[in-house]
Amino acid sequence: MCGRFTLTIDSNAVARAFNVAVPKSLQAGPRYNVAPTQDVVAVLNDGEPHLDLLRWGLIPSWAKDASIGSRMINARAETLAEKPSFKRLLNSRRCLIPADGFYEWQKVDGGKVPMYITLKGHEPFAFAGLWDSWKTADGEVLRTCTIITTHANDLVAPIHERMPVILPPDAREIWLDPGLHDANILLPLLKPCDPEAMQAREVSRRVNSPQYDGSDLIA
DNA sequence: CCAGACGTTGTT
DNA sequence: GTCTGG
DNA sequence: CCAGACGTTGTT
DNA sequence: GTCTGG
């Protein structure tokens, strides 16, 4: 699955890497421990692709309260086209979630060890995501997102059963295309990425605390 | 028809 | 909103 | 994902 | 154990 990740470049560098516009009001710094319910940088396309901030943990538009959001942090690629919560989002609420690494906890005798997984060159990449908007009791609009997962590739499998979908660069534009509604084109994009391009290593248990966001986590 | 759920992961 | 179960 | 809270009534 | 919050 994917319950924590990093984005260690600021939002201007993300915009350059993804060749998208960034609103002046959006200034996000490097992050070493992004956790659910926090704001994440996302790429949306409502005509022109641009950066935006979304809260991680999907709150469907019909939800009565926000608490469901902390459990909807992932959507299974294999079933999302049939799930009531996700089906309609696949049509019209797709997004990219830029990152440059993610954490998975490997079960070992006596506990769990956090592992940090990146591309070999540490390049930024894009998780495939879905988003939705939800109205609070006060009428405020809250936009939230979820990260799509699939079965683990050969590199991640020893660590964990599942991993986030990382879209190859040439799939990003297709995934974001607001005019595209064909599940037969979209769903095949949601595959585990090439294990040869990735590397993994153990990191400090300090990452366990969602409060801790120090750069020493991955130093 | 209406009522009630709608999710993932991991663990047992 | 949309799907499943009764 | 992990961390941390988790309940009511009544009395101080 | 289970739920909520980050």
Side-chain angles (χ1 to χ4, degrees), chain A residues 1-7 28-29 31-42 53-94 97 99-118 127-137 141-153 156-166 181 183 190 192 200-214 217-218:
Chain A
M1 79 172 300
C2 180
R4 302 289 179 86
F5 67 90
T6 64
L7 181 60
R31 294 294 309 276
Y32 306 93
N33 191 9
V34 180
T37 73
Q38 299 175 349
D39 281 347
V40 302
V41 174
L53 290 180
L54 301 175
R55 186 189 195 251
W56 182 16
L58 192 102
I59 306 173
S61 56
W62 42 259
K64 289 184 186 67
D65 67 273
S67 66
I68 192 174
S70 55
R71 297 189 296 281
M72 306 269 277
I73 65 173
N74 296 128
R76 289 177 70 92
E78 299 92 329
T79 55
L80 65 82
E82 289 110 48
K83 299 287 185 182
S85 297
F86 301 134
K87 190 175 185 173
R88 114 199 107 90
L89 304 181
L90 179 65
N91 255 319
S92 54
R93 297 285 177 93
R94 297 184 301 273
I97 298 165
D100 52 17
F102 61 97
Y103 300 101
E104 297 286 358
W105 279 256
Q106 182 168 23
K107 268 184 297 178
V108 295
D109 285 344
K112 290 179 171 186
V113 175
M115 302 290 288
Y116 183 52
I117 299 141
T118 63
F127 293 136
L130 300 171
W131 66 280
D132 204 351
S133 54
W134 178 76
K135 255 188 198 151
T136 66
V141 173
L142 185 59
R143 295 187 306 162
T144 63
C145 64
T146 191
I147 294 172
I148 299 173
T149 63
T150 184
H151 62 87
N153 65 18
V156 176
I159 300 168
H160 199 84
E161 298 284 313
R162 302 197 55 85
M163 67 183 289
V165 171
I166 294 172
H181 305 293
L190 305 178
R201 65 184 171 86
E202 185 176 344
V203 290
S204 164
R205 289 173 188 272
R206 282 193 302 272
V207 74
N208 286 12
S209 172
Q211 316 292 345
Y212 192 76
D213 193 38
L217 286 176
I218 59 167

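Protein chains get the first letters and strands the later ones, always in sequence-line order, with residue 1 at the start of each. These figures come from a predicted structure and were not determined experimentally.
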K.L.:
Does F127(A) have any ring-ring contact (aromatic ring centres under 6.0 Å, His included) partners at least two apart in sequence or in another chain, and if so, which?
P.N.:
F5(A), F125(A)

K.L.:
dG5(E) and dG4(B): how far apart are their P atoms, nearest whole angstrom?
P.N.:
25 Å

K.L.:
For atom C1', what is the distance between dC1(D) and dT9(B), given to the nearest Å?
P.N.:
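About 9 Å, rounded to a whole number of Å.
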
K.L.:
At a cut-off of 3.5 Å, list every protein nitrogen or oxygen paired with a nitrogen or oxygen from nucleotides 3-6 of chain E, distance to 0.1 Å.
P.N.:
| unit_1 | atom_1 | unit_2 | atom_2 | d |
| --- | --- | --- | --- | --- |
| dT4(E) | OP2 | R71(A) | NH1 | 2.7 |
| dG5(E) | N7 | S70(A) | OG | 3.3 |
| dG6(E) | N9 | P36(A) | O | 3.3 |
| dG6(E) | N9 | T37(A) | OG1 | 3.0 |
| dG6(E) | N7 | P36(A) | O | 3.2 |
| dG6(E) | N7 | T37(A) | OG1 | 2.8 |
| dG6(E) | N2 | R4(A) | NH2 | 3.3 |

K.L.:
Categorize T149(A) for me: base, sugar-phosphate, or nothing, with a 4.0 angstrom heavy-atom threshold over every strand shown.
P.N.:
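Sugar-phosphate contact only - T149(A) comes under 4.0 Å of backbone atoms but never of a base.
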
K.L.:
Grab the two heavy atoms, one from R94(A) and one from L130(A), that are nearest each other, plus how far apart they are.
P.N.:
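So the minimum-distance heavy-atom pair works out to CG-CD2, 4.0 Å.
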
K.L.:
If you find the nucleotide of DNA chain B closest to K64(A) and the one closest to C2(A), which residue's nucleotide is nearer the 5' end?
P.N.:
K64(A)

K.L.:
Which value, in whole Å, describes the distance between the P atoms of nucleotides dG7(D) and dT2(E)?
P.N.:
15 Å

K.L.:
Between K83(A) and E78(A), is there a salt bridge with N-O shorter than 4.0 Å?
P.N.:
no

K.L.:
Taking side-chain contact (heavy atoms from CB on, under 4.5 Å) as the criterion, tell me which of I68(A), T136(A), T146(A), D132(A) meets it with I59(A).
P.N.:
I68(A)

K.L.:
Looking at every non-hydrogen atom in both residues, tell me the closest pair between D213(A) and R31(A) and how far apart they are.
P.N.:
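Closest approach of D213(A) to R31(A): OD2-NE, 2.8 Å.
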
K.L.:
Can you tell me how far the CG atom of L190(A) sits from the CD1 atom of I166(A), to the nearest 0.5 Å?
P.N.:
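Answer for the CG-CD1 pair, L190(A) versus I166(A), is 12.5 Å.
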
K.L.:
Rounded to the nearest angstrom, tell me the gap between atom OH in Y116(A) and atom C1' in dC1(D).
P.N.:
15 Å

K.L.:
Under the criterion of centre distance below 5.5 Å and interplanar angle below 30°, is W105(A) classified as stacked on the base of dC1(D)?
P.N.:
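No, aromatic ring not over the base.
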
K.L.:
Looking at residues at least two apart in the chain, or sitting in another chain, which of them share a side-chain contact (heavy atoms from CB on, under 4.5 Å) with E202(A)?
P.N.:
V113(A), M115(A)

K.L.:
Provide, to the nearest angstrom, the distance between the CG atom belonging to D132(A) and the P atom belonging to dC6(B).
P.N.:
17 Å

K.L.:
Identify, residue by residue, the members of residues 76-85 of chain A with a heavy atom below 4.0 Å from DNA chain B, and return them in order of residue number, or none.
P.N.:
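By residue number: R76(A), T79(A), K83(A), P84(A), S85(A).
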
K.L.:
Between dC6(B) and dC3(E), how far is it from one P atom to the other, in whole Å?
P.N.:
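Comparing P positions in dC6(B) and dC3(E) gives a spacing of 13 Å.
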
K.L.:
Rounding to an integer number of Å, can you tell me how far K112(A) NZ sits from dT9(B) P?
P.N.:
13 Å

K.L.:
What are the two closest heavy atoms between W56(A) and R4(A), and how far apart are they?
P.N.:
CH2-N, 3.7 Å

K.L.:
Check the distance between dC1(D)'s C1' and D213(A)'s CG and give it to me in whole angstrom.
P.N.:
14 Å

K.L.:
To the nearest Å, how far apart are L58(A) CG and dG7(B) P?
P.N.:
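Taking atom P of dG7(B) as the reference, CG of L58(A) is at 11 Å.
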
K.L.:
Let me see the working for D100(A) and T6(A) under side chain to side chain donor-acceptor pair (under 3.5 Å), right down to the final yes or no.
P.N.:
CA-CA 6 Å; D100(A) 52 17; T6(A) 64; 2.7 Å; yes

K.L.:
Atom CG of L89(A) and atom C1' of dG7(B): how far apart are they, to the nearest Å?
P.N.:
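Distance check: L89(A) CG to dG7(B) C1' gives 12 Å.
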
K.L.:
Kindly write out the residues that satisfy side-chain contact (heavy atoms from CB on, under 4.5 Å) with P192(A), not counting sequence neighbours, or none if the list is empty.
P.N.:
T150(A), H151(A), N153(A), M163(A)

K.L.:
Please report, rounded to the nearest Å, how far the P atom of dC1(D) is from the CZ atom of R162(A).
P.N.:
12 Å

K.L.:
To the nearest 0.5 Å, what is the distance between OG (S61(A)) and NZ (K135(A))?
P.N.:
10.5 Å

K.L.:
Measure from NZ or CZ of R143(A) to the centre of the six-membered ring of W134(A) and say whether it is under 6.0 Å with the direction within 45° of the ring axis.
P.N.:
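So R143(A) doesn't make the cation-pi contact.
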
K.L.:
Let me have DNA chain D in dot-bracket notation, would you? Count Watson-Crick plus G-U wobble pairs, both distances under 3.5 Å, and use [ ] for pairs crossing earlier ones and | for inter-strand partners.
P.N.:
||||||......

K.L.:
Between Y32(A) (OH) and dC1(D) (C1'), how many Å, whole number?
P.N.:
20 Å

